[in-house]
Amino acid sequence: MQPKYFSIMSVVQQIKKNTAKAIASLYHIELAEENILINATKPEFEGDYTIVLFAFVKQLKKNPEQLGNELGEYLIKENASLFTAYNVIKGFLNVTLSNSYWLNFLSTNYNNTNFGIKQNTNEKVMVEYSSPNTNKPLHLGHLRNNFLGWSIAEILKANGNEIVKTCVVNDRGIHICKSMVAWKLFGNNETPQTTHKKGDHLVGDYYVKFNDVYKKEVEEIIATGKTKEQAEKEAPIMLAAQQMLVDWETGKPDVIELWKQMNSWVYKGFDETYKKIGSNFDKIYYESKTYLLGKDLVKQGLEKNVFYKKEDNSVWIDLTKDGLDEKVVQRKDGTSVYITQDIGLAEQRQKEYNAKQSIYVVGDEQNYHFKVLKLICQKLDLPSADGIYHLSYGMVELPTGKMKSREGTVVDADDLITEMINIAKHKTEELGKVKDFAEDELAELYNTIGLGALKFFLLRVDPKKKMIFNPEESIDFHGFTGPFIQYTHARIKSILRKITDNKQQIENSTFSHLFPLEKKLIIELETFPAIITEAATEHDPSKLAIYTFTIAQTFNSFYSQHSISNAENEEKKQLRLQLAVLTAQVLKTGMNLLGINVPERM
RNA sequence: GGUCCGGUAGCUCAGUUGAAUAGAGCAACAGCCUUCUAAGCUGUGGGUCAUUGGUUUGAAUCCAAUCCGGAUCACCA
C-alpha cells in the first residue's frame with residue numbers, strides 16, 4: 001500500500017485543472033492553472049469552493065453570468081464524480097463537490113499517520129537559531145527565537161527537507177568580559193554551588209552588576225567636570241573589561257581559566273533550559289573558534305576587486321550601487337569585524353554540510369546586516385550565497401517598552417516557564433479530571449500544557465511582527481490558545497477510548513448524506529497538506545497555529561451537534577469515527593510541527 | 001536625513017499574489033452539562049481597515065503624498 005505519504009492532488013488543484021481544461025475545450029484558450037483563483041465558498045452561499053471568474057472575463061469576452069453557467073454545465077457533465085452542482089452569483093461560480101469524493105478522501109486518509117507529511121527530497125537545509133550570548137540567561141525574546149527555529153525546522157522536515165539544526169554561541173567579546181570583570185571584582189569567589197543559583201543567572205547578575213558600577217563611575221567622573229563621552233571612555237571598570245579582552249585574545253592563562261570557568265556555568269544553565277523547552281542542535285559553533293574565519297576571503301575579495309583598501313589599510317566594500325552603504329570588512333589593524341566572521345562561517349558551513357538553503361533565525365534589528373551579508377557573499381561568488389535566508393522576527397516587548405538585560409528589565413525564560421507550568425497545575429487541579437494520574441504523569445501533563453500555552457502564544461502571530469507581552473495578564477488557556485487545541489485532542493482520544501467496537505471502516509462508501517458540520521470538517525481537514533507547504537514556503541509557523549485552531553473549533557462545533565457513539569445509524573457512527581481519528585491526527589501533527597505535544601487526557 | 005518594517009473592534013491578532021456584507025480570540029452581555037471531557041458550544045453588541053487622493057468592473061490589499069510608531073545606516077556584536 002502506497003499512501004504512506006500524502007501525494008494525492010489537492011481539491012483546489014483539481015478544480016483549477018478542470019477549470020483550465022473546460023476553458024480550453026469550450027473557448028480554445030489556454031490558461032495557466034496558477035492564474036485561476038479558487039476560494040472556499042463563503043458560508044452564506046451554496047457550494048464548497050468558488051471559482052472567481054472576473055480574471056478571465058475580459059480575455060474571453062463573455063459576461064460573467066454566461067461564462068459561469070457554461071463552465072458549470074461543462075464541469076458537471078465532464079466530471080460528474082467530482083462536481084455535483086453549481087450556481088453563479090455575479091462573477092462567482094460556486095461549485096459543490098460530490099459527497100462520495102469527500103468520503104473517499106476521508107476513508108483513504110483517516111488512518112494515515114503521515115497525512116500531510118511530504119516524501120523526503122533529500123534537500124538539505126540548515127537552520128540556525130537560538131544563538132545566545134554567554135553573559136546572561138535566556139529571556140522571553142530568546143524563547144520566541146528558539147520556538148520559531150525549532151518549528152521552522154520541523155515544518156521543513158515535514159516538507160521533505162533534510163535538516164541540520166545549528167546554533168552559534170557568542171562566547172567571546174567585550175560583553176563577556178564585562179561579567180568576568182564584575183565577578184572578579186565583586187564575586188567573592190561565588191559559584192553556582194555556593195549560591196545555589198543556575199550558572200547562567202549567576203553570570204547574568206554580574207553583567208548587570210558591571211553596568212550598575214559603570215553607570216556610577218561615569219556619573220562620578222562627570223561630576224569632576226568631564227564630558228559624558230570622556231567619562232564613558234575613562235571609567236575604570238570599562239578599561240578593565242577592555243584590558244581583559246586584550247588579555248583573552250593573547251591567551252593570558254588566568255583570564256582564559258576564568259573565561260572557561262564562567263562559560264561552563266552558563267552552558268550548564270542553558271542545557272537545563274533547553275532541556276525544559278525541548279530544544280537541541282545537531283551542530284554548535286562557538287565564536288571563540290570561528291571569529292577569525294573570513295580573513296582568507298578578505299584577501300580573495302581584494303584580488304577579485306570586490307573589496308578595496310583605503311590608505312589606512314582598512315578594507316571596504318562599496319554597496320552604494322545596490323542602494324546600501326560602504327561597509328568595512330577588515331579593520332585597519334587587520335582584525336576582522338562581525339560580518340567578516342559571518343562570511344567565513346557561511347563558507348565553512350557550506351563546506352561541511354553543503355546545504356541548499358541556510359536559514360538564520362535572527363531578530364529584525366539585523367535586517368540590514370543580513371542584506372549586506374548575502375550581497376557580499378554573492379559578490380564573492382560563494383556557493384552558499386543564494387541559499388542565505390534571514391528569517392527575521394520582531395522583538396518581544398513589554399507594555400513599558402523594550403526589554404533590556406543591562407537594566408534587568410527582562411522577562412526571564414526560566415521564571416516564565418515555571419510560572420506557566422504552575423498555572424497549568426492550578427487549572428488542572430481546579431477541573432479535577434485527572435485525579436487518577438500518578439505523580440510523574442501529572443508533572444508531565446503540567447509541563448505539556450504550560451509549555452504548550454507558552455509556545456502557542458509566541459508562535460501564533462506572524463514572525464515578522466513585533467509583539468507585546470503583558471506579564472500582568474498571564475497567558476490564557478481558553479480560546480485561541482495551545483491548551484484549547486490540546487484539550488480538543490484529549491477530548492477526541494477520550495471518545496475513541498470509550499468506543500470499543502471501533503472497526504472504523506465505512507463499508508458503504510456510496511453513503512451520500514453529510515451534515516453541514518461533517519462536511520465543513522472534512523473540507524478543512526483536506527487542506528492540511530497545503531497548509532504545511534504554505535507554512536514552509538513562507539517560513540511562517542503561525543499559519544499552522546491558526547489552522548490547528550480552526551480545526552479544533554470546527555470539531556468542537558461538530559461535536560456539540562452530533563453524537564459519535566450514539567449516532568443515528570452505524571454508517572454515521574463509522575463516518576464520525578473516521579472524522580474524529582483524522583482530526584486528532586491532524587491536531588497532533590500540526591501541534592508537533594509547532595514543537596508542542598498533545599496529551600491523551602487532560 | 002537615507003533605507004526598511006508596521007498602523008484593522010476596548011485589548012491581542014487573522015485577512016495584504018485585488019473579489020461577495022472585513023474575520024477570530026479575549027473582555028462585556030444572554031443562554032447551554034440526568035447524553036461521547038463545559039480548558040467546550042450557541043447567540044448579542046462592538047469597525048472612518050491611520051489620513052487624503054489615484055488606478056480598477058471591484059481596494060484593508062496596488063500607486064502617490066501626509067501623519068504616527070519602530071528598526072537600521074558603527075573599524076559594536
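Only this structure's heavy atoms are used, side chains among them; waters, hydrogens and symmetry mates stay out. Chain letters run A, B, ... following the sequence lines, proteins first and then strands; every chain starts at 1. Please read all numbers here as calculations on a predicted model, not as lab measurements.
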Counting Watson-Crick and G-U wobble pairs only, both distances under 3.5 Å, name the nucleotide matched with [N], or none.
{"N": "B/rG47", "result": "none"}
{"N": "B/rC32", "result": "B/rG40"}
{"N": "B/rA60", "result": "none"}
{"N": "B/rA24", "result": "B/rU12"}
{"N": "B/rG1", "result": "B/rC73"}

Practice task
Give the intermediate values and the outcome of salt bridge (charged side-chain N to carboxylate O under 4.0 Å, His left out) for residues A/D462 and A/K464.
Solution key: CA-CA 5 Å; A/D462 185 340; A/K464 285 196 300 288; 3.5 Å; yes
Considering only heavy atoms and no angle criterion, is a donor-acceptor pair shorter than 3.5 Å present between the side chain of [X] and the base of [N]?
{"X": "A/S565", "N": "B/rC36", "value": "yes"}
{"X": "A/S557", "N": "B/rC41", "value": "no"}
{"X": "A/D364", "N": "B/rC4", "value": "no"}
{"X": "A/N94", "N": "B/rA20", "value": "yes"}
{"X": "A/S560", "N": "B/rA38", "value": "no"}

Just checking [X]: base, sugar-phosphate only, or nothing, at a heavy-atom cut-off of under 4.0 Å?
{"X": "A/D462", "answer": "sugar-phosphate"}
{"X": "A/F480", "answer": "sugar-phosphate"}
{"X": "A/Q330", "answer": "nothing"}
{"X": "A/Q366", "answer": "base"}
{"X": "A/M467", "answer": "sugar-phosphate"}
{"X": "A/I546", "answer": "sugar-phosphate"}
{"X": "A/K465", "answer": "base"}
{"X": "A/N170", "answer": "sugar-phosphate"}
{"X": "A/T428", "answer": "base"}
{"X": "A/T335", "answer": "nothing"}

With a cut-off of less than 4.0 Å, is there a side-chain N or O of [X] near OP1 or OP2 of [N]?
{"X": "A/K371", "N": "B/rU72", "result": "no"}
{"X": "A/R460", "N": "B/rG25", "result": "no"}
{"X": "A/K402", "N": "B/rG70", "result": "no"}
{"X": "A/H478", "N": "B/rG25", "result": "no"}
{"X": "A/K543", "N": "B/rA14", "result": "no"}
{"X": "A/Q561", "N": "B/rU42", "result": "no"}
{"X": "A/K42", "N": "B/rA20", "result": "yes"}
{"X": "A/R491", "N": "B/rA38", "result": "yes"}

When the [atom1] atoms of [M] and [N] are compared, how many Å lie between them, rounded to an integer?
{"N": "B/rG43", "M": "B/rG25", "atom1": "P", "value": "10 Å"}
{"N": "B/rU57", "M": "B/rA14", "atom1": "C1'", "value": "28 Å"}
{"N": "B/rA60", "M": "B/rG7", "atom1": "C1'", "value": "11 Å"}
{"N": "B/rC49", "M": "B/rG23", "atom1": "P", "value": "14 Å"}
{"N": "B/rG45", "M": "B/rG31", "atom1": "C1'", "value": "15 Å"}
{"N": "B/rC36", "M": "B/rC41", "atom1": "C1'", "value": "15 Å"}
{"N": "B/rU61", "M": "B/rU16", "atom1": "P", "value": "12 Å"}
{"N": "B/rU12", "M": "B/rC5", "atom1": "P", "value": "23 Å"}

Handout entry: Any side-chain donor near an acceptor of the partner, A/E287 and A/Y338, under 3.5 Å
Key =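 The criterion, which ignores hydrogens and geometry beyond distance, is not satisfied for A/Y338 and A/E287.
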Rounded to the nearest angstrom, tell me the gap between atom [atom1] in [X] and atom [atom2] in [N].
{"X": "A/L53", "N": "B/rA20", "atom1": "CG", "atom2": "P", "result": "14 Å"}
{"X": "A/L345", "N": "B/rA77", "atom1": "CG", "atom2": "P", "result": "15 Å"}
{"X": "A/D322", "N": "B/rC4", "atom1": "CG", "atom2": "P", "result": "14 Å"}
{"X": "A/Y368", "N": "B/rA74", "atom1": "OH", "atom2": "P", "result": "7 Å"}
{"X": "A/I475", "N": "B/rU12", "atom1": "CD1", "atom2": "P", "result": "15 Å"}
{"X": "A/L496", "N": "B/rU37", "atom1": "CG", "atom2": "C1'", "result": "13 Å"}
{"X": "A/L398", "N": "B/rG70", "atom1": "CG", "atom2": "P", "result": "15 Å"}
{"X": "A/E326", "N": "B/rA74", "atom1": "CD", "atom2": "P", "result": "10 Å"}

Exercise for the section: Could you check whether A/Y559 and the base of B/rG40 form a stacked pair, meaning centres closer than 5.5 Å and planes differing by less than 30°? Expected result: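 The ring of A/Y559 is not stacked on B/rG40.
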Handout entry: Centroid under 5.5 Å and tilt under 30°, A/F92 to B/rA20
Key =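 Yes, A/F92 stacks on the base of B/rA20.
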Exercise for the section: Could you tell me whether A/E232 and A/K215 have a side-chain N and a carboxylate O separated by less than 4.0 Å? Expected result: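 No, A/E232 and A/K215 are not salt-bridged.
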Problem - Salt-bridge criterion met for A/E441 and A/R601 (N-O under 4.0 Å) - result: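 Looking at A/R601 together with A/E441, the answer is no, because their closest N to O distance does not fall below 4.0 Å.
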Problem - Quiz item: cation-pi between A/K178 and A/Y207, 6.0 Å / 45° - result: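 Output no; distance or angle outside limits.
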Problem - Spacing of NZ belonging to A/K543 relative to OG1 belonging to A/T533, to within rounding of 0.5 Å - result: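 So the NZ of A/K543 and the OG1 of A/T533 are separated by 13.0 Å.
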Practice task
Taking the side chain as every heavy atom from C-beta outward, state whether A/T50 and A/K42 have any pair of such atoms under 4.5 Å apart.
Solution key: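 Not in contact.
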Exercise for the section: Using a 90° cut-off around 0 for syn, call B/rC68 syn or anti. Expected result: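 That one's anti.
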Practice task
Could you tell me if the ring centre of A/W259 sits under 6.0 Å from that of A/Y286?
Solution key: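 Centroid separation for A/W259 and A/Y286: 6.0 Å or greater.
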Handout entry: Stepwise side-chain hydrogen bond (donor to acceptor under 3.5 Å, both in side chains) test for A/E128 and A/T166
Key = CA-CA 5 Å; A/E128 174 192 319; A/T166 179; 5.9 Å; no
